[in-house]
Amino acid sequence: MSRSAATSPTASPAEDRAPDLAGLLASCVSDPARVTTDVPRRVAAAHDASPYLFTPHAVVRAASAAEVGALMAGARAAGLPLTLRSGGTSLAGQAGGDGILVDVRSHWRAAEVLDEGRRIRLQPGLTVRQANARLARYGRRLGPDPASESACTIGGLVANNSSGMNCGTQDNAYRTMESLQFVLPSGTVVDTAAPDADAALRAREPELHAGLLRLRDRVRASAGSRATIERLFAMKNTMGYGLNSFLDHSGPADILAHLMIGSEGTLGFVGEAVFRTVPLLPHTATGLLVLPGLAEATDALPALLAVGARTAELLDAASLRVAQQAPDPVDELRGLRVERHAALLVEFAEDSAELLEERVAAAQPVLDRLPAVTGTSLVRDARVRARLWHLRKGLYTAVAGARRPGTTALLEDIAVPMERLTGTCEGLIGLFDRHGYQDAVIFGHARDGNLHFMLTQDFDSAPEVERYARFTDAMVDLVLDAGGTLKAEHGTGRAMAPFVRRQYGDELYDVMRELKRLCDPHHVLNPGVLLEDDAAAHLRNLKSVPQVDPAVDACVECGYCEPVCPSARPPTRPRRRANASR
């Protein structure tokens, strides 16, 4: 079965007590109008950018940390799970649930620039682009730079430990976070900017405080655990909880704050974050280097990175064919007969024009030695560069928009050690062929060994679900055998939760389970996300995508429309109208 009763808009036993649930939740917020249990709005809010579908029993727009804490208590009283939702651009199912869906976007848009832009205080409802717009006048930006910056929000950036094209493992959300204010399932509010944050946590949550110290010492005392954590977090890694927090920090409040980063709404709610920012580098030179094959592209990476390339995005042959279908393809792809080709979108960036010219001059001998089939020129013109970046950033919507009607687009991401990148790419292509995914594409952040691959899949029949299951099992074998991680930057979600134990081993999985118990003893927050013992859980609650109308069928539910939609009412935005129609 591709859908369970939880995904259906028809009546369920919980709806028989809908008036009681609505009344309970209305008592948790100052304005009862922000609580809805009517079917059309619940169905409209059910969808996110993932392949999973859960229709909540109620949707609530929370306006304060106190309200979120009260809603957590209300969910516990109602015997229902609670899921926090901001932008809904999550790709692995972490932003949907069949209990109480709490909107923490609508009333959470505050931003305060600090220290002439060197720091910024943000609430979860702002998009990354909106935050960067406030920093631009100071010549600064956030460290994480996800391709979905126009739509993804600060809440998701924190919940998934976002990174992106340039930030690597040093400028991601985890590394650039200075302090957090968060709400635990008990209702306790923790502010790690307070000088007495650790003492306050010990006074209010003594069991949690002591438990964090026990887990810290347990992890540090095990040479095997330390080695596994150090190996996995040397790469981009958002699989499971951020156990590197136990090695990087000593005080329970600091440890917990860093565990909140990437916890996907399973440990608490982050209502405010202060980030250290990074400088904008205004002088840039960009080039699309088309090479004969994947091996040539990946072989070129060490030398390009050694001479200062700040970005190196990989596009496989299937990606290049998609890009050629654009109404006005970039010059490098015009007339090219794409066979086994691959490309690197490379960018150099510096503080000044003089430094950029020096950097490019030093890189020129490396560029000249590349077996590029369409040249190695770098462009500085902003309009030309924008077209090159549109090619890369638009791949998701281009591939998804061209999918066969009735299918779902799945975008997965992995990371492997650089020396295993070529073999992993070739292995993935072999898996696509073996399992019948002829339209699959590979692209991603090659400088970090971070690959994205995209499939389009029909989940309306048992054979199709079984095909996806076989592919997933084989992909897991491929990546873990290469010493990689099954999630690099999109979060574990529901898609990879059943495989966390296999990646980390029993000892560290037990640490994660104990952490979840300490923070959320009643298992209220996002059950089934990030940790899941059911080996087949990722194959349930998968979306069925009925064909309705060509305009509706084209919607990939990415959420990119929502920040720019002129409608002031969330249920009337295009993604939600498409979902309601379906």
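Note that the numbering runs from 1 along the sequence shown for the chain.
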For the pair [X] and [Y], find out whether any cationic side-chain nitrogen is under 4.0 Å from an anionic carboxylate oxygen.
{"X": "E178", "Y": "R121", "value": "no"}
{"X": "R502", "Y": "D477", "value": "yes"}
{"X": "D254", "Y": "R216", "value": "no"}
{"X": "R34", "Y": "E67", "value": "yes"}
{"X": "K487", "Y": "E412", "value": "yes"}

Should [X] and [Y] count as side-chain neighbours, where that means a heavy-atom distance under 4.5 Å?
{"X": "L267", "Y": "F182", "value": "no"}
{"X": "T266", "Y": "K516", "value": "yes"}
{"X": "D510", "Y": "R218", "value": "yes"}
{"X": "L486", "Y": "L480", "value": "yes"}
{"X": "F275", "Y": "I154", "value": "yes"}
{"X": "L53", "Y": "H47", "value": "yes"}

Legend entry - Donor-acceptor contact below 3.5 Å, side chain R61 vs main chain D103: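 No, the answer is negative, given that no donor and acceptor are paired below the 3.5 Å cut-off.
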Legend entry - Expected output: side-chain T492 to main-chain V529 donor-acceptor under 3.5 Å: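 It does not hold such a pair.
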Inset, instruction - May I have the step-by-step check of salt bridge (Lys or Arg N to Asp or Glu O under 4.0 Å) for R517 and E207, ending in yes or no? - result: CA-CA 11 Å; R517 186 197 67 79; E207 183 182 353; 3.4 Å; yes
Legend entry - Value rounded to 0.5 Å, distance of CG in L530 from CG in L525: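 CG of L525 is found 12.0 Å from CG of L530.
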Inset, instruction - For T83 and N526, run side-chain hydrogen bond (donor to acceptor under 3.5 Å, both in side chains): C-alpha distance rounded to whole Å, both residues' side-chain angles, the deciding distance at 0.1 Å, then the answer. - result: CA-CA 5 Å; T83 297; N526 247 7; 2.8 Å; yes
Inset, instruction - Look at the rings of F233 and Y504 and say which category their plane angle falls in: under 30° parallel, 30 to 60° tilted, over 60° perpendicular. - result: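 Rings of F233 and Y504: tilted, 30 to 60°.
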Inset, instruction - May I have the step-by-step check of side-chain hydrogen bond (donor to acceptor under 3.5 Å, both in side chains) for T176 and D171, ending in yes or no? - result: CA-CA 6 Å; T176 58; D171 291 334; over 6 Å; no
Legend entry - Option among D506, D533, D520 that satisfies the salt bridge (Lys or Arg N to Asp or Glu O under 4.0 Å) test with R513: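 Answer after filtering D506, D533, D520: D533.
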Inset, instruction - Would you check, one step at a time, whether the test side-chain contact (heavy atoms from CB on, under 4.5 Å) holds for D413 with H445? - result: CA-CA 10 Å; D413 82 308; H445 317 314; over 6 Å; no
Inset, instruction - Quick one: do S225 and E507 satisfy side-chain hydrogen bond (donor to acceptor under 3.5 Å, both in side chains)? Show the steps, please. - result: CA-CA 7 Å; S225 291; E507 168 64 19; 4.5 Å; no
Legend entry - Six-ring centre of Y437, R467 cation under 6.0 angstrom, axis tolerance 45°: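 Flagged: R467 positioned over aromatic ring of Y437.
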Inset, instruction - Would you sort out whether N160 and Q94 count as a side-chain hydrogen bond (donor to acceptor under 3.5 Å, both in side chains), showing the intermediate values? - result: CA-CA 9 Å; N160 296 302; Q94 55 267 64; 2.8 Å; yes
Legend entry - F499 and H538 aromatic centres sub-6.0 Å: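 Ring-ring flag for F499/H538: true, centres closer than 6.0 Å.
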